[in-house]
Amino acid sequence: MKLLVATSQTQGERANDFNHCVDGELLWIAPCCGDGESSPDSECGCGRSFGGLNSHLGTTTALVAELPGFTYPDYAEALRSSLAAQGWPSEAADEVATGLLAFAFGWEVGTVLERRCDLFVERLATAPPG
Ligand SMILES: [Zn+2]
């Protein structure tokens, strides 16, 4: 199935990019704080980032990836334990999993996405810097 994973691809295209996740780590789209909601370029950064399920850290770039053999129960369980570990209500895991799968379904595998609060945009490949 198609999921969002952390990627370093296109990192640096925005001056305020960051990637504290491990490449390939499963991601989720966490709700923003007030600061993040006011601007995706806020200092907090949550309005432009995806959250890593293992690292509990953020990245501004997400890759749409096909993970063969990975199933819905695997995914819901990964979300459940990660939400619980981060202090989010773990009962929300199924709803979050369903939402994220529906979201990823709409994009082609290999697409790199960025977040602008509630808006998600494909990063088009550009020439590497330098
Ligand atoms: Zn925030």
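Keep in mind that this is a model prediction, so the values were computed, not measured. Ligands are counted one by one from 1 in listed order, and the atoms in each one are counted from 1 as well.
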Query raised in the report: Is a salt bridge present between Asp41 and Arg116, judged by a nitrogen-to-oxygen distance below 4.0 Å?
Result: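 Answer for the salt bridge query: yes.
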
**Report entry** Connected hydrophobic set around Leu119, excluding itself, where side chains approach under 4.5 Å
**Finding:**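 Taking Ile, Leu, Val, Met, Phe, Trp and Tyr as members, Leu119 shares its hydrophobic cluster with Val121.
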
Query raised in the report: Does Glu95 CD have over 12 foreign heavy atoms under 6.0 Å away?
Result: no

Query raised in the report: Do other residues, nucleotides or ligands put more than 12 heavy atoms under 6.0 Å from Phe105 CZ?
Result: no

Report summary line: Between Ser8 and Asp23 the two heavy atoms that sit nearest each other are OG-OD2, 3.0 Å

Report task. Sort by chain and number the protein N/O/S atoms that are closer than 2.8 Å to the Zn ion (ligand 1), and list them. Result ->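 Only Cys33 SG, Cys44 SG, Cys46 SG fall inside 2.8 Å of the Zn ion (ligand 1).
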
Query raised in the report: So how far is it from Glu114 CD to Phe120 CZ, rounded to the nearest 0.5 Å?
Result: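 Answer rounded to 0.5 Å: 10.5 Å.
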
